[in-house]
Structures are given as structure tokens and as C-alpha cells.
Q: 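Okay, here's the structure, questions in a sec.
Whatever order the structure lists them in is the order used to number ligands and atoms, beginning at 1. Computed from a predicted model, the values in this text were never measured in an experiment.
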Amino acid sequence: MKRTITHLADGRELIYFDRRDDADRGAVDRRELGPRPVASELRYDPLTEEWVAIAGHRQTRTFQPTGTAAECPLCPSSGDRLTEIPASDYDVVVFENRFPSFSGNFATYEDVGGLSAVRPGAGRCEVVCFTPDHDSSFSRLSDDGVELVMEAWADRTAELSGIEGVEQVFCFENRGSEIGITLAHPHGQIYAYPYVTPRTRLQLGAAARHQGPGNLFADVLAAERAAGTRVVAANEHWTAFVPAAARWPFEVHVYPHRQVPDLPALTEAERAAFAPLYTSVLRAFDGLFGVVMPYISAWHQAPVREGRELAYLHLELFSVRRAPGKLKYLAGSESAMGAFVNDVLPEEAARMLRSQLDH
Ligand SMILES: [Zn+2]
């Protein structure tokens, strides 16, 4: 793998991850770009003890009305059609988001009154293009294509963890217009937050209170493997299962069999084993109703400093689609109270997904 760091016309970093050591990465960004927006501001909600990023500038972010390759900013540049990626081809590429929720480019923020503390949204947001092929998807990446993405995720996790003030690095993919994704090109994002996120804080709190026999996450994994009814797929290094208390109609958690804090801690063998298992689960998602499944795929990694010995790297994948033409909306109970109601029995979801696995 070859890593090449370059810069876009407005100074943002762009990093190529190439399979070949002789890839030429000299292409220059010939666009004229305006100044970079300042970071959002963080406001603290004293009622929930959570930070909220207020990012007014994101209202103007790129929207792609047609979703075609002809105007896609994530396709390679070709001729006069200049995109975010100056090169005419790439394997995997990562660049700083043009309209980030968190960045190092911050102004000072004034006291807004009320009980809310305010501070700049320090951190970083990056975009990861999984493939140059506009019409592909993560589920159709080759195993070595997935491994290259994993190398990029691990590289970025290590790098972004070193930025002053960053407390957690989150690699994720939003897929489908139902999720609100504005670009069709297969891509994901990486957020480097200046705080530990609420969900991670909850999980680590539960892990700290857990009364053995082992680590909470390890015990959940062992119990799911023993029960078996919700296991969707497994191999030597990973198990994918529907959690017993799934919140979403189709939700799968993917755990490595060894407790590691984050993606950089995976061995080469573990990375290699993840690729075929995960893409087969994604294809099973698409097979459920014969339509493209919108999903959110979220890597849960240990925070940079806190709770690393309790954390257990895993991926949480879920879809908002519960049936053909039917979406699960976060309505009153979920949105207002955080109290989920799931219409699909987790054991039935696991059975349906198993029946769609490649034979
Ligand atoms: Zn594209």
C-alpha cells in the first residue's frame, strides 16, 4: 500500500491510498475555490449533558440533484470536469470535507446566554471514497478493495487521534437517499470529535458497571454465539448477529472475536477475514426486498483517551427500511423520548438475513 498526501486548491488535505507503489499522484487541483468555512460552534445542553454542533454554514453544502456521474464531485477528474479528486483515477482516497461540522479552522465564539457553554467545533471531518466506480457500492467491493478501505480507516483513526483536542474518531457510511445522503457515489465519512459521543459514553458506562464474568461486550458476543438464533454469519475472526434488543427493523452488529480498542489494533488476518463476511451481510440486506437497502454503518471505536480498556471495537449496521415501500421513521417515542419501538422480531430478522446469504 502506498499513501500519498497532497493538498486541494483551498488547502484541504487529500490522501491517496494506492494498491500499487508506483501510482503517480502529481495531479494538481486546478479549480478556484472560495475560502474555507469556519468550524461550527459547540453548545452544551445542560439537561442531557450533551454537546450539540451548530453548523450554520452546512446549509450551503453540495447537493447533487440527479445523482449521475456527470456532475459527481467524488468521481476522478477527467478533462475539464474537475472534481474533488484531481487524479484521473484512484483506488481509495480521503479528503477533508469542504463543509465540515468540525475543523481546525475556528473563530472565537461569544457567550450566547442561557446555561449553555459554547466552544469551537474543533476536530476534523473527512470523506472516504471507497472506489472510483460511481455505480458500485461497498457490498460489491472486492476483498482487497475492502482491505484497502480498512487500511485507510486505520490510518485516519491513528492520525486524527493525534490532533489536539480530538477525543473520538468515528468512521461511518450513510447509504441511500432515505438516509438523507446527497451524493450517490460510494463513500463514507470520518468524524474526529472534540468530545466522547453520547452513545459511546452510555456503552462504556454500562461496561464499567458490568459484573463479569468478562468484559461486557465480550460477554454479549459469547452469549449471542451460544444462543445462535440471532447469528447471521461468522468466520474464524468475526461474528455478525442481530442484537437481542435491536432498535431497528434490520440491525446487525459485527464483532471481532478478540477484544481490541480500535481499527488500527486489528491484525492483517482479522482485516482479511472481515471483508468477505461484511460484504456478504450487505448483500443480504439488499436481497431482503430486492431493492437497494438504505443503511447506516457505524464503527464503534474506543475514545482516544477515556475507557480504552473497557471498549471493544465493533460495527453497528442498521437500515430504516422495514418492508418494501415502508420506512421506519423516528417519530414521537424515538425522537422525543429516545424510546425505540421495533416492529420486526430480531430472531425473524436474523432468519431473513441468513436466508439471503450467498450460497
Ligand atoms: Zn461519482
Q: With respect to Arg12, which candidate in Glu84, Glu126, His7, Glu96 satisfies the side-chain hydrogen bond (donor to acceptor under 3.5 Å, both in side chains) definition?
A: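 Testing Arg12 for a side-chain hydrogen bond (donor to acceptor under 3.5 Å, both in side chains) against Glu84, Glu126, His7, Glu96 leaves exactly one candidate, Glu84.
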Q: Looking from the Zn ion (ligand 1), what is the angle between SG on Cys72 and SG on Cys75, to the nearest 10°?
A: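 Between SG of Cys72 and SG of Cys75, the angle at the Zn ion (ligand 1) is about 120°.
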Q: Parallel, tilted or perpendicular: which describes the rings of His185 and Tyr90, with under 30° parallel and over 60° perpendicular?
A: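 Tilted.
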Q: What N, O or S atom of His134 is found closest to the Zn ion (ligand 1)?
A: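 The Zn ion (ligand 1) is closest to the His134 atom ND1, counting only N, O or S.
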Q: Give me the one residue out of Tyr255, Phe170, Tyr191, Phe274 that meets ring pair (Phe, Tyr, Trp, His ring centres under 6.0 Å) with Trp299.
A: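 Exactly one pass, corresponding to Phe274.
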Q: Using side-chain contact (heavy atoms from CB on, under 4.5 Å) as the criterion, point out the one residue from Met352, Gln356, Arg351 that pairs with Arg354.
A: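 Exactly one option meets the side-chain contact (heavy atoms from CB on, under 4.5 Å) with Arg354, and it is Arg351.
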Q: Quick check: of its N, O or S atoms, which one does His185 have closest to the Zn ion (ligand 1)?
A: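 Going through the N, O and S atoms of His185 one by one, ND1 ends up nearest to the Zn ion (ligand 1).
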